[in-house]
Amino acid sequence: MKKLLFIISFLVTAGAVFSQASFLDASAQAGINNSGKNYGVAFGDFDNDGLEDIYISRHTLPNLLYRATGNGQFVDVAAQAGVAHQGTTTMSVWGDIDNDGDLDLYLGNRDEPNILYRNNGNGTFTDISASAGVNSSYRTRAVLFGDVDQDGFIDLYVANLSDPNYLYHNNGNNTFTNIVEEAGAQDLGVAMGSLFFDYDNDGDLDLYLTHDANQPYILYQNDGSGHFTNVSAAANADYAGQGMGVDFGDLNNDGFLDLYITNLYSNALLLNNGNGAFTEITAMAGVGDTGMGWGTVWLDYDNDGWQDIYMSNDSYYSPDPNILYRNRGNLTFEAVSQNSPLASMYGGYGAGGADLNSDGRIDLFQANSGNDGNQLFLNQTNTGNNWVKIKLTGTTSNRAAIGARVRVTANGKSHIDELCAGSGYATQNSFTLHFGLGQSTLIDALEVRWPNGLVEVFTELEVNRTYRITEGEGMVVNQSDPQKSAEPSLAVFPSPFTDVLHFQLELPENDVIQLTATDINGREVARLAQGRFGAGSHTFEWAPGAIPAGVYLCQAITSRGKKVVRVVYSR
């Protein structure tokens, strides 16, 4: 009996150790810990260099555009890019409104008109709000991009606080028309989080709206043409609380998307029954945090094949920490963020996820309002589980593939996710979809259902890879995990230097490279090499001359990614 008790005790302890999340607070090192009234976070690669950039919505102080420079480092380029709006921006969303291949940016403001910035394709943006017809001036609480009528152009939904909402139809010529009344998607409630997602698996985007002040939430069903019907009561989705954020995830891998909603007081988890209705299972699942919840995101932080939930609290309003709930795989969750940086006691609002250091694990970004600063939590959880990442490009469908659904099947288990632009509270997650695969070592099938209805299937794919798929081209580009393949290396010396800086670049194989030096704001000051180079060692020199002394970034961009080294020029 003693031996049996010991074994049971060991298994319980081992399970607890295995499930505990390990995250590193890398905020200061990454250069993102700006204090102030930070509300929203939006991930998007605005300059198409393959690295995740981040836009931060703020009140009072200028908004921030963190441009990724590699190795988990960021630099604010909002002013140079022309998007450093200073007002009361609460949230933002990225989307390619003109299908030209780069991401445009929409801001939802509280006290001034909303703003649409068109990406010029050269690192700068132009404000086209007035000419586009989307410069509404109500107190905006959520902004979403999605192609509601499947015409190949993303439309824009704007949810406002106790004022009319807008559904802007994209006319395909950089102008929009408000069709919210004709579409039947109006709401005059105390709007908070909103979400486009396909809850009934019929191939079009439905709409979910949360409210504050205990007003029932609304589920609008899309008929496929961009016309909506309120099915909240019939679907048992008319939960009434003091709602803030909402996000979707398939918690039981049954192929139907479920909803997690943050509230003041108890949060809510709605399980999609697969028959057009939901069941609330909050208490049974153990995810009813009673703090002042705002941001929330579904993610598989431990890559075990079950989607977990992270949610942020305003710990100044109600003294509760942020929480990461681990999915046990049996409709129940356990909190695993205790005694980790994730359990921060700041004024948490927007919270989003992306693999910022390309190690196959989802990291978390937390926007904090107050003097605490934003936080970047790098995922260090080491389970040995496998994963796959999917990056999509539309052709007939909208270029950013917003609304596309991906199904990954491995070892007899299927996992789904959708590409969404606007979720949680004041949040947009990565455009790259991430799937944990547990111990599966082969992907049996990867299915993409594009927004226009086309379905493509790819079979027998390797795990621990990023696959870039372009609609209708019938091919997949397989990119090796940069952490598990031979990488180029870049060394520079001496630093600090006064006249000449020496570079040594090691290439494991033939590759196309671009070697540059930029200032701390990302402006190029010298291009030292560009072209195809053979495998082996290559040396270069840089004599800056009369440029100002200071910190510079030396960057080697190759097909396998980017290497960045900081140097000090002390002429």
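Quantities reported herein were computed from a predicted structural model and do not represent experimental measurements.
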Is R118 salt-bridged to D100, going by a charged N under 4.0 Å from an acidic O?
yes

Work out which heavy atom in L65 is nearest to a heavy atom in A78; give both atom names and the distance.
N-CB, 3.4 Å

Side chains of N171 and T177: do they bring a donor and an acceptor to under 3.5 Å?
yes

Could you tell me whether the side chains of N386 and N464 share a donor-acceptor contact shorter than 3.5 Å?
yes

Measure the CG-CD1 distance between N170 and I154 for me, rounded to the nearest 0.5 Å.
7.0 Å

Just checking, any donor-acceptor pair under 3.5 angstrom between side chains of Q428 and S92?
no

Answer whether the closest heavy-atom distance between the side chains of L156 and V134 falls below 4.5 Å.
yes

Measure the OG1-CD distance between T124 and Q80 for me, rounded to the nearest 0.5 Å.
11.0 Å

Please determine, by modelled atom types, if N313 and W294 share a side-chain donor-acceptor pair under 3.5 angstrom.
no

NZ (K389) with more than 12 external heavy atoms under 6.0 Å:
yes

Could you tell me if D417 and H434 have a donor-acceptor pair between their side chains, going purely by distance under 3.5 Å?
no

Can you find a heavy atom in the side chain of D204 that is under 4.5 Å from one in the side chain of V148?
no

Between T296 and D247: side-chain donor-acceptor atoms closer than 3.5 Å
no

Measure the shortest side-chain to side-chain distance between P451 and N398 over non-hydrogen atoms and say whether it is less than 4.5 angstrom.
yes

Using a 3.5 Å distance criterion without hydrogens, assess whether the side chain of N38 forms a donor-acceptor pair with backbone atoms of A367.
no

Between Y106 and N114: side-chain donor-acceptor atoms closer than 3.5 Å
yes

Separation of H211 NE2 from M244 CE (nearest 0.5 Å):
12.0 Å

Exercise: do Q307 and D258 side chains pair donor with acceptor under 3.5 Å
no

Reference residue R326; test salt bridge (charged side-chain N to carboxylate O under 4.0 Å, His left out); the match among D308, D300, D302
D302

Taking only Lys NZ, Arg NE, NH1 and NH2, and the carboxylate oxygens of Asp or Glu, determine whether D45 and K391 approach each other closer than 4.0 Å.
no

Among T466, N303, L437, the one residue meeting side chain to side chain contact (heavy atoms under 4.5 Å, CB included) with V388
L437

Is it true that D127 and H85 share a donor-acceptor pair across their side chains at a distance under 3.5 Å?
no

Please state whether the rings of Y55 and W94 are parallel, tilted or perpendicular, taking 30° and 60° as the class boundaries.
perpendicular

Given side chains that start at C-beta, do those of T210 and N263 come closer than 4.5 Å, heavy atoms only?
no

Short side-chain to backbone donor-acceptor contact, Q86 and T60, under 3.5 Å:
yes

Measure the acute angle between the ring planes of W298 and Y260, then classify it against the limits of 30° and 60° as parallel, tilted or perpendicular.
perpendicular

Would you check if there is a donor-acceptor pair between the side chains of T409 and D444 at a distance under 3.5 Å?
no

Option from L195, I402, N429 for which side chain to side chain contact (heavy atoms under 4.5 Å, CB included) with C420 holds:
L195

In terms of side-chain heavy atoms, does Q375 have a donor or acceptor partner in N368 at a distance below 3.5 Å?
yes

N119 side chain near L105 side chain, heavy-atom distance below 4.5 Å
no

Measure from the side-chain N and O atoms of D96 to the backbone N and O of G101, and report whether any donor-acceptor pair falls under 3.5 Å.
yes

Approximate separation, where rounding is to 0.5 Å, of F256 CZ and L251 CG
13.5 Å

Please determine, by modelled atom types, if N109 and T89 share a side-chain donor-acceptor pair under 3.5 angstrom.
yes

Can you classify the ring geometry of Y39 versus Y349 as parallel (below 30°), tilted (30 to 60°) or perpendicular (above 60°)?
perpendicular

Would you call the rings of F197 and Y199 parallel, tilted or perpendicular, taking 30° and 60° as the class edges?
tilted

Heavy-atom pair of closest approach, residues Y310 and A351
CE2-CB, 3.7 Å

Should D212 and R141 count as an ion pair when the cut-off is N to O under 4.0 Å?
no

Just say parallel, tilted or perpendicular for the rings of F176 and Y168, cut-offs at 30° and 60°.
perpendicular

Heavy-atom side-chain contact between W450 and T396 under 4.5 Å
no

Side chains of L364 and Y301, heavy atoms from C-beta outward: is any pair under 4.5 Å?
no

So, taking the atom named CG in N357 and the one named CG in D363, what distance separates them when rounded to the nearest 0.5 Å?
4.5 Å

How far apart are the C-alpha atoms of N165 and Y157, what are their side-chain angles, what is the distance that settles it, and do they pass the side-chain hydrogen bond (donor to acceptor under 3.5 Å, both in side chains) test?
CA-CA 8 Å; N165 291 353; Y157 194 84; 3.0 Å; yes

What's the spacing between D198 CG and E418 CD if we round to 0.5 Å?
5.0 Å

Ring geometry between F125 and F46 (parallel below 30°, tilted from 30 to 60°, perpendicular above 60°):
tilted

State, without any angle test, whether T140 and N160 hold a side-chain donor-acceptor pair at a distance under 3.5 Å.
yes

Can any side-chain N or O of N273 pair as donor or acceptor with the backbone N or O of N275 at less than 3.5 Å?
no

Find out whether M311 and D289 are in side-chain contact, i.e. whether some heavy atom of one side chain is under 4.5 Å from a heavy atom of the other.
yes

